[in-house]
Every structure is written in C-alpha cells, then in structure tokens.
Student: 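This is the structure I want to talk about, given as structure tokens.
In listed order, ligands and their atoms are each counted from 1. Residue numbers count from 1 along this sequence.
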Amino acid sequence: MDKIVIEGGYLLHGEIPVSGAKNAALPLMAACLLSAEPIILRNVPDLRDVRTFLTLLESFGVKWQKDGTVLVLDASTITSCEASYELVKTMRASVLVLGPLLARMGTARVSLPGGCAIGARPINFHLQGLEKLGSQNELSQGYVEAKVEGRLQGGTVCFDIPSVTGTENILMAATLAEGITVIKNAAREPEIGNLVDLLIAMGAGIKGKDSDTLVVEGVKKLHGAEQEVIPDRIEAGTYLIAVGAVGGEATVTHCNPQHLPALLEKLRAAGLSIEEGQDRIHVARKGPLKSVDIKTMPYPGFPTDLQAQIMALMTLSDGLSVIAETIFENRFMHVAELHRMGADIKVDGHSAIVTGTGRLSGAPVMATDLRASASLVIAALAAEGETHISRVYHLDRGYDDLVGKLSAAGARIRREKE
Ligand code: EPZ
C-alpha cells in the first residue's frame, strides 16, 4: 500500500491541468454495451475505476484498446451477462451495466453493489425504473436478475430523488425500448448531458438534455459513435480549493467553468479571486479566508463530491461555517482525520459546524474514501510541517496523477511505499 507525504506551506502557482471526468467516463463506457459497433471515447482519464470498469466489460466479452486518453470499445460479441460480486463490490458504478445489458441482451445478472464508506447506496430506484420498462427483476444470493421477453417497453419513470446513475441506467435502457420513455425528476449533472450526447450520436432519440425531464424515443439498434469525455469538475474544484487553502495563484486548465456554478460562488464569497476563461479558471488567494455556509444539493447545487474538500478549506477561515450534507448519510469520515491536524469541527447529525482556526498542523492521517482523501491532501498542503496520508488507493480511484500535477504547481508532495 502506498502513502503520500506532503510538506505543507508551499504556495501553488502555474497551471494545473484537469483530466476527463471519472463520473462521465464510466457511463460512457457502459453505453458501448448498447451497440454491436465500436465506440471511441477521447479524453479518458487514467484512473483505477476506469481500469476496473474495463475488467468488468471484458468479462462480458467486450474488446478494448486504449492509446493514451483514446479508448476504443467493441461490444460486437457479448459472451456473458453476469457482473460478478468480486468486481462490483470494489466499484458501485458497476451497476451502470444493468440497463444496457438488459436492453441489448434481454437479460442481466448483476451483483448488488453493497454499501460503501459513505452510505448504504441502495439501487431501488434503478430496479423500480427498469420494472416500469417491463423488466422482471428477481433478487437472489446477493444478485439482481433482470430479464425481459423481447424488447423493453417505453414507460414513465419518476425518481423520488434525482439519482445520477439511476437516471443514466434508465436512460440507456430506454434507448432500445419500444416506444416513448419519459424520465421525470431526472438528475441534471453535466455527466448525464455527456451521456445524452453520446447516445444521440449512436442514433438514439432523446429530448430534454440537462433538464429534469428526459424524453426518449426507443430505436431497434444503435450504431457506433465517437465522444469526448467532459472535464472532471470535481477534480477542477479540488485544485481550486487547494489554492485557496495554501495560498498563491494558479490556473486550473482543461476544465469547464460552467460546470461549477455553486462552488465558484462560494469561493468568491470566501474571499478568493476567481477569473473564468473558456476552458480554464484563474484562482488567487489575496487576503484572509472568510467562512461560508454550505449545503450539498443535486446539480446545479453545491456538489456533495466537493463537501469534504471545502470543509478542509473552512478549517482555515476566520469564522464559523455550517456544512450540511443532504445527499449521503455518512459522508463526514474526513472529520476525525482533520481533527488530528488540529481542526475544530463538531458533527451534529447531517451537519458539521466548523470553527476556523486559521491554521492546521501536519500529522499521520488515513484516507477513508475517495473525496475524504482529497480533503486530507488539501489540509496537508496548508498545514505546518509534514503529513503522511495512508491508504491512498482511495485517491487513485478518482484522481489522475494528482501528485504529479500538484508537484509541478509547487507543492512539496511525494508518493512512497507504506
Ligand atoms: C453518483 O453516485 C456519483 N457516482 C457519486 O460520486 C456522487 O456523489 C453522486 O452521484 C451524487 O452526486 C457516479 O456517478 C459513478 P445517486 P450515485 O444515485 O448515482 C439515494 C464520487 O465521489 N439513492 O445520485 O450512486 C442515494 O443513497 C462518487 O465520484 C437511493 O436511495 O448517487 C443517495 O442518498 C461518490 N436509491 C441519493 O439517492 C437509489 O436507487 C443520491 O444518490 C439510488 C440512489
């Protein structure tokens, strides 16, 4: 197991490039199952979750080739429709193969993902939605077995909560269903818009991109297509917050400022100077950090995936910040680790009250989940002294070359064997 060692207090400068979005690449890869013709994806990030997803697709008979950030996927021959527990338990996003496999093959056997560090992560909305399209779902031995005689039938699916992967699963299944499917209370994250673009390029009939109502006219077959993976807004936000925490000024490049409305507003309110370009954001910290309150919400609200990171920032502010986590039930595990670095945070149910102390001190800490580990990196960059972050495999799931990118921007950061 590796650890990351950071010597705090070194200002960030220059350019920090962002890779393709993990949470866009995964559904785009799942979409290859819908067609017998090759799909070409560009700007694919080099992440552990992408490699895991490729192993999963291989287990269905999918052939692939990756050259740098270009990935060609060929699902012309599907030899299995079963997603094993061994693979699914390491990555919940595996559930994204359920809709496409069922729509293309009429059957799918996918292990229930099980919970993860941040919550129970049920998939009831996915299953209820597929049943509305005619799927017969059975739960047995920890697997969901979905099957349909002939084609899925279009129907109306209304989500209780705008589930991101739930919307993606139903959207993909509906593209091959017979007739019209209406998805109401759909999630509006930009990653879903990226998937809509790919599916339309494959020949799907979809209206309502980026809205909370998607209307899909099913077709018999989908053909091959090419699609660029959108920039990772969570990676971009993580680096913007890092500059705010340690100070300095830098430009986050290869990103889309339109995808971070809530974060940019909060960073400006915290006193950072933010200048938006076409595909870049210039950030500078000139004066003291002001405390701001945060409430995580579905897009375009403040992203839950940036909650841990902005909490690290608020520990360095000049006042009190209330951070409410409304999406997941257990997403404060970074608090105990930030305490070890001197942060003053009190958790009260789904809210954390952060009393900014303006300073943190380096300490040995442990990553517990993907975004919590990013929060510890941000805290370590600003802390006095050295911080050792263990279990960085969590970080490798969702950050492409974070050590290389931050070190090129002036951070004293290195990776070592534990
Ligand atoms: C996606 O997870 C992201 N993952 C998560 O990113 C992100 O935190 C989350 O959306 C919220 O934005 C991918 O896109 C691969 P949800 P997802 O379904 O789709 C409840 C990261 O760090 N719910 O939108 O699993 C659920 O428990 C990861 O990159 C049900 O109750 O999230 C949660 O409370 C972490 N039943 C809420 O809805 C369901 O069937 C929103 O979850 C589905 C969800």
Student: Quick one: look up the protein heavy atom nearest atom 2 (O) of ligand 1 and list residue, atom name and how far away it is.
Tutor: R121 NH2, 3.5 Å
Student: Would you mind listing which atoms of ligand 1 come within a distance below 4.0 Å of any non-hydrogen atom of H126?
Tutor: 40 (O)
Student: Check contact between E235 and ligand 1, using heavy atoms of the residue and a distance below 4.0 angstrom.
Tutor: no
Student: Which protein non-hydrogen atom lies closest to atom 15 (C) of ligand 1, naming both residue and atom, and how far is it?
Tutor: N23 OD1, 3.4 Å
Student: I need the contact type for V164 against ligand 1. Using non-hydrogen atoms and a strict under-4.0 Å cut-off, is it side chain, backbone, both or neither?
Tutor: both
Student: For atom 30 (C) of ligand 1, grab the closest protein heavy atom and report residue, atom and distance to one decimal in Å.
Tutor: F125 CE1, 3.4 Å
Student: With a 4.0 Å cut-off, would you call R109 and E145 a salt bridge?
Tutor: yes
Student: Atom NE2 of residue position H282 - does it have more than 12 heavy atoms of other residues, nucleotides or ligands inside 6.0 Å?
Tutor: yes
Student: Which ligand 1 atoms are under 4.0 Å away from a heavy-atom of R92?
Tutor: 25 (O)
Student: Heavy-atom count around K295 NZ within 6.0 Å, excluding the residue itself: above 12?
Tutor: no
Student: Looking at ligand 1, is there an atom of it that comes within less than 4.0 Å of some heavy atom belonging to G398?
Tutor: no
Student: Just which atoms of ligand 1 are under 4.0 Å from any heavy atom in T304?
Tutor: 8 (O), 11 (C), 12 (O)
Student: Can you tell me which portion of N124 lies within the under-4.0 Å heavy-atom range of ligand 1? Options are side chain, backbone, both, or neither.
Tutor: both
Student: Considering only non-hydrogen protein atoms, determine which one is nearest to atom 31 (O) of ligand 1 and report residue, atom name and distance to 0.1 Å.
Tutor: P122 CG, 3.4 Å
Student: H334 and Q307: side-chain donor and acceptor closer than 3.5 Å?
Tutor: yes
Student: As an exercise, identify every atom of ligand 1 less than 4.0 angstrom from a heavy atom of I123.
Tutor: 39 (C), 40 (O)
Student: Give me the residue, atom name and distance of the protein heavy atom closest to atom 32 (O) of ligand 1.
Tutor: F328 CZ, 4.0 Å
Student: List the closest protein heavy-atom neighbour of atom 18 (O) of ligand 1: residue, atom name, distance to the nearest 0.1 Å.
Tutor: S163 OG, 2.7 Å
Student: Specify side chain, backbone, both or neither for E191, according to which of its non-hydrogen atoms lie closer than 4.0 Å to ligand 1.
Tutor: neither
Student: With H126, which of N169, N137, T167 fulfils side chain to side chain donor-acceptor pair (under 3.5 Å)?
Tutor: N169
Student: Would you call R415-D2 a salt bridge at under 4.0 Å N-O?
Tutor: yes
Student: Is there any N or O on T165 that sits under 3.5 Å from an N or O of ligand 1?
Tutor: yes
Student: If every non-hydrogen atom of D210 is compared with every non-hydrogen atom of G193, which pair is closest and at what distance?
Tutor: OD1-CA, 3.8 Å
Student: With distance as the sole test, does D46 use its side chain to make a donor-acceptor pair with the main-chain N or O of D400 at under 3.5 Å?
Tutor: no
Student: Less than 4.0 angstrom from a charged side-chain N to a carboxylate O is my criterion; do D212 and K184 meet it?
Tutor: no
Student: Output yes when the distance from some N or O of ligand 1 to some N or O of E329 is under 3.5 Å, and no in every other case.
Tutor: no
Student: Just need the protein heavy atom nearest to atom 8 (O) of ligand 1, so name the residue and atom and give the distance.
Tutor: D305 OD1, 2.6 Å
Student: Is it true that E275 and R280 have a side-chain N and a carboxylate O under 4.0 angstrom from each other?
Tutor: no
Student: Which one of K22, R331, R371, M91 has a non-hydrogen atom at the shortest distance from atom 35 (C) of ligand 1?
Tutor: R331
Student: Work out which heavy atom in A270 is nearest to a heavy atom in V292; give both atom names and the distance.
Tutor: N-CG1, 3.8 Å
Student: Please state which part of L370 comes within less than 4.0 Å of ligand 1, counting heavy atoms only: side chain, backbone, both or neither.
Tutor: side chain
Student: Is R391 salt-bridged to D369, cutoff N-O under 4.0 Å?
Tutor: no
Student: Ion pair present between R233 and E191, side-chain N to carboxylate O less than 4.0 angstrom?
Tutor: yes
Student: If you measure every N or O of I327 against every N or O of ligand 1, does any of those distances drop under 3.5 Å?
Tutor: yes
Student: Could you tell me, atom by atom, which parts of ligand 1 come under 4.0 Å of a heavy atom of I161?
Tutor: 38 (O)
